[in-house]
Amino acid sequence: MSTEETATAPAGPSKATIADIEEAMKDVVDPELGINVVDLGLIYGVHVDDENVATLDMTLTSAACPLTDVIEDQARTALTTGPGGGLVNDIRINWVWLPPWGPDKITDEGRDQLRSLGFNV
C-alpha cells in the first residue's frame with residue numbers, strides 16, 4: 001500500500017473529560033445569584049458519550065426558577081464554542097429535582113463568592 005492509500009481524515013475533537021467540562025461550566029452563571037453553577041453545586045453529574053455529547057444532570061436553587069433557558073444557552077455556549085469548536089459536539093441537560101438543592105451543596109469557593117456579595121452563608 002502506498003502512503004496515499006493509508007492516509008486518513010483528521011480526527012475530530014477528542015472526547016471531553018468531566019474535569020474539563022466542569023471547568024468550562026464555571027463560565028455559566030446563575031443569573032439570580034451571580035455565582036457559577038459549579039460552585040453553587042447545581043451540577044449533579046456529567047456523562048460524555050462516544051459521540052462526544054455531554055449530558056449534564058443539573059438542578060436549580062428552586063424548581064420554580066424561570067431561567068432554565070438562560071442557563072441552558074450559557075452551558076451550550078461554554079461547552080460547544082471556542083477554539084477548535086469547543087469541548088463537546090453538543091449538550092443535553094437533564095433537569096433533576098432529587099435530591100433537592102440546598103446551601104450544603106455550595107463549594108467553599110462559592111461560599112466565598114456569596115459572602116463577597118453580602119450573603120450570610
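The chain is numbered in sequence order, starting from 1.
Note: the hydrophobic cluster containing Ile21 also contains Trp95 (ILVMFWY, side chain heavy atoms under 4.5 Å, direct or indirect links). Leu117 and Leu67 end up in different hydrophobic clusters when Ile, Leu, Val, Met, Phe, Trp and Tyr side chains are linked at under 4.5 Å. Clustering ILVMFWY residues whenever any of their side-chain heavy atoms sit less than 4.5 angstrom apart, transitively, puts Ile91 in a cluster other than the one holding Val70. In terms of hydrophobic clustering, with Ile, Leu, Val, Met, Phe, Trp and Tyr side chains grouped at heavy-atom distances under 4.5 Å, Val48 and Val96 are assigned to a common cluster. Following chains of ILVMFWY side-chain contacts shorter than 4.5 Å, one can reach Ile93 starting from Met25, so the two form part of one hydrophobic cluster.
The hydrophobic cluster of Val29 has no other members, since no ILVMFWY side-chain heavy atom comes under 4.5 Å of it.
In Arg115, the CZ atom is crowded: over 12 heavy atoms of neighbouring residues, nucleotides or ligands sit closer than 6.0 Å.
In terms of heavy atoms, Val88 sits closest to Ala54 at CG1-CB, 4.0 Å. Contact detail for Ala78 and Ala24: the closest heavy-atom pair is CB-O, 3.6 Å. Taking every heavy atom of both residues into account, Trp101 and Leu60 meet most closely at CB-O, 3.6 Å.
To the nearest 0.5 Å, atoms CG (Leu56) and CG (Asn94) are separated by 9.5 Å. Separation of atoms OG (Ser116) and CD1 (Ile35) is listed at 6.0 Å; rounding is to 0.5 Å. A distance of 9.5 Å separates OG1 in Thr81 from CG in Leu87, rounded to the nearest 0.5 Å.
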Open item on the list: Could you go through Met58 and Ile71, starting from their C-alpha distance and side-chain angles, then the distance that decides it, and tell me whether this counts as side-chain contact (heavy atoms from CB on, under 4.5 Å)?
Closed with: CA-CA 10 Å; Met58 288 186 66; Ile71 291 174; 3.9 Å; yes
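When atom types are taken as modelled, the side chain of Asp57 and the backbone of Val46 share no donor-acceptor pair closer than 3.5 angstrom. Proximity of a side-chain donor or acceptor of Arg111 to a complementary backbone N or O of Leu40 within less than 3.5 Å is not detected.
For residues 22-48, the pairs satisfying side chain to side chain donor-acceptor pair (under 3.5 Å) are Asn36-Asp39, Asp39-Thr107, Asp39-Gln113, with sequence neighbours left out. Legend: side chain to side chain donor-acceptor pair (under 3.5 Å) pairs involving residues 58-78, not counting sequence neighbours, sorted by first then second residue: Arg76-Asp90.
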